[in-house]
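Below you'll find the structure I mean.
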Amino acid sequence: GVKQLELSWDYLDWDNGDKENNLLFVPIYGVTERLELSVEIPYMFHNTKVEEEQDDEDGIGDINLVGKFLLMEEADLPAFTIKGVIKTETGDEDEGLGSGDVDYSLVAVSSMTHGKLQVHLMLGYTWVGDNGDENTRDIYIWGVAGDYTATEKLHIVSEISGNRHPD
């Protein structure tokens with residue numbers, strides 16, 4: 001029955017000169033002590049360069065439906081959680097706000113607490129949908145994060161994550 005809201009901002013600078021700013025709104029609901037469901041709603045500002053001209057688009061991107069299940073609570077060993085994600089095709093592909101296909105991800109997360117600091121390690125895999133692009137490949141996902149409890153209702157979080165296409 002616990003409700004939570006996460007807000008974040010991501011900035012991406014691509015090798016081809018494209019730039020993105022993404023505002024992410026994530027309402028979360030704790031269904032049980034071990035299961036939480038959330039919806040990741042991105043609002044994207046996508047700036048692309050096409051033959052020396054700037055093209056700016058903004059709008060809702062591809063929305064993610066997320067479920068997390070705690071398999072093992074932290075004791076002598078770190079906690080272990082499994083996370084499933086379905087990426088929808090809600091963003092406008094023609095405007096650069098979405099991929100045009102549905103993707104599925106499965107991620108394993110291990111967490112350990114040290115005083116007011118929680119450290120998280122993540123490893124996962126995304127099965128990328130077939131949107132007609134023969135260059136599209138599945139993706140390996142990794143990350144590390146820290147969550148510092150400043151107050152009971154305020155956490156300061158930092159995350160470094162990445163992914164790797166097999167090609």
>> Measuring from atom CG of N64 to atom OG of S105, what distance do you get when rounded to the nearest 0.5 angstrom?
In response: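 Rounded to the nearest 0.5 Å, the CG-OG separation comes to 7.5 Å.
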
>> If hydrophobic clusters are built from ILVMFWY residues whose side chains come within less than 4.5 Å, do V109 and L117 share one?
In response: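 They do not share one cluster, since no chain of ILVMFWY contacts under 4.5 Å joins V109 to L117.
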
> Going by an N to O cut-off under 4.0 Å, is there a salt bridge joining R34 and E73?
Replying inline: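 Looking at E73 together with R34, the answer is yes, because their closest N to O distance falls below 4.0 Å.
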
> Does the side-chain contact (heavy atoms from CB on, under 4.5 Å) test come out yes or no for L35 and F69, once each step is laid out?
Replying inline: CA-CA 5 Å; L35 176 65; F69 187 75; 4.2 Å; yes

> With a 4.5 Å limit on heavy-atom distance, are the side chains of I82 and K68 in contact?
Replying inline: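 They are not in side-chain contact.
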
>> Distance check, rounded to the nearest 0.5 Å: T149 atom OG1 versus Q118 atom CD?
In response: 7.0 Å

>> Regarding D103 and W127, do their side chains bring together a donor and an acceptor under 3.5 Å, going by distance alone?
In response: no

>> Assess the residue pair I63 and V39 against the criterion (side-chain contact (heavy atoms from CB on, under 4.5 Å)); give the C-alpha distance rounded to whole Å, side-chain angles, the decisive distance to 0.1 Å, and a yes or no.
In response: CA-CA 7 Å; I63 294 173; V39 179; 3.5 Å; yes

>> In the structure I gave you, are the side-chain heavy atoms of L7 and F25 within less than 4.5 Å of one another anywhere?
In response: yes

> Would a 4.5 Å heavy-atom cut-off, applied to side chains only, mark R137 and V128 as touching?
Replying inline: no

> How many angstroms lie between atom CG of N22 and atom CZ of F45, to the nearest 0.5 angstrom?
Replying inline: 9.0 Å

> Side chain of E20, backbone of Y11: donor and acceptor closer than 3.5 Å?
Replying inline: no

> Rounded to the nearest 0.5 Å, how far apart are CD1 of I156 and NZ of K116?
Replying inline: 10.0 Å

>> If you define the side chain from C-beta out and look only at heavy atoms, does anything of I28 sit under 4.5 Å from E6?
In response: yes

> Is it true that V107 and W142 fall in one hydrophobic cluster, defined by side-chain heavy atoms closer than 4.5 Å?
Replying inline: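 They do not share one cluster, since no chain of ILVMFWY contacts under 4.5 Å joins V107 to W142.
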
>> Is it the case that the side chains of Y140 and N163 hold a donor-acceptor pair, with the cut-off being a distance below 3.5 Å and no angle test?
In response: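 There is no such pair between these side chains.
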
>> When you compare the side chain of I86 with that of V102, does any pair of heavy atoms fall below 4.5 Å?
In response: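 SC-SC contact between V102 and I86 confirmed.
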
>> Closer than 3.5 angstrom, by distance alone: can the side chain of T90 be matched with the main-chain N or O of I60 as a donor-acceptor pair?
In response: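 Judged by distance alone, no pair lies under 3.5 Å.
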
> What's the spacing between S111 OG and F80 CZ if we round to 0.5 Å?
Replying inline: 10.0 Å

> Under a single-linkage definition using a 4.5 Å side-chain heavy-atom cutoff for Ile, Leu, Val, Met, Phe, Trp and Tyr, are L70 and Y29 assigned to the same hydrophobic cluster?
Replying inline: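 Result: no, two separate clusters.
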
> Are any non-hydrogen side-chain atoms of M122 and V144 less than 4.5 angstrom apart?
Replying inline: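 No, their side chains stay 4.5 Å or more apart.
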
> Are any of the side-chain heavy atoms of S99 and D62 separated by less than 4.5 Å?
Replying inline: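 Yes, their side chains come closer than 4.5 Å.
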
> When clusters are formed by joining ILVMFWY residues with side-chain heavy atoms under 4.5 Å apart, either directly or through shared neighbours, do L65 and L97 land in the same one?
Replying inline: no

> Between V119 and H114, what is the shortest heavy-atom contact and its length?
Replying inline: CG2-CD2, 4.3 Å

>> As an exercise, state the distance from OG of S38 to NZ of K3, rounded to the nearest 0.5 Å.
In response: 15.0 Å

>> Do V85 and Y104 have side chains that approach each other closer than 4.5 Å (heavy atoms only, starting at C-beta)?
In response: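 Result no, sub-4.5 Å side-chain heavy-atom pair not found.
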
> Shared ILVMFWY cluster between W9 and L5, side chains joined below 4.5 angstrom?
Replying inline: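 Yes: a chain of side-chain contacts under 4.5 Å links W9 to L5.
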
> Is there a side-chain contact (heavy atoms from CB on, under 4.5 Å) between V66 and K83 once you walk through the steps?
Replying inline: CA-CA 7 Å; V66 182; K83 173 180 169 181; 3.7 Å; yes

>> Once side-chain hydrogen bond (donor to acceptor under 3.5 Å, both in side chains) is applied, do any residues pair with D58, and if so which ones, sequence neighbours excluded?
In response: Y43

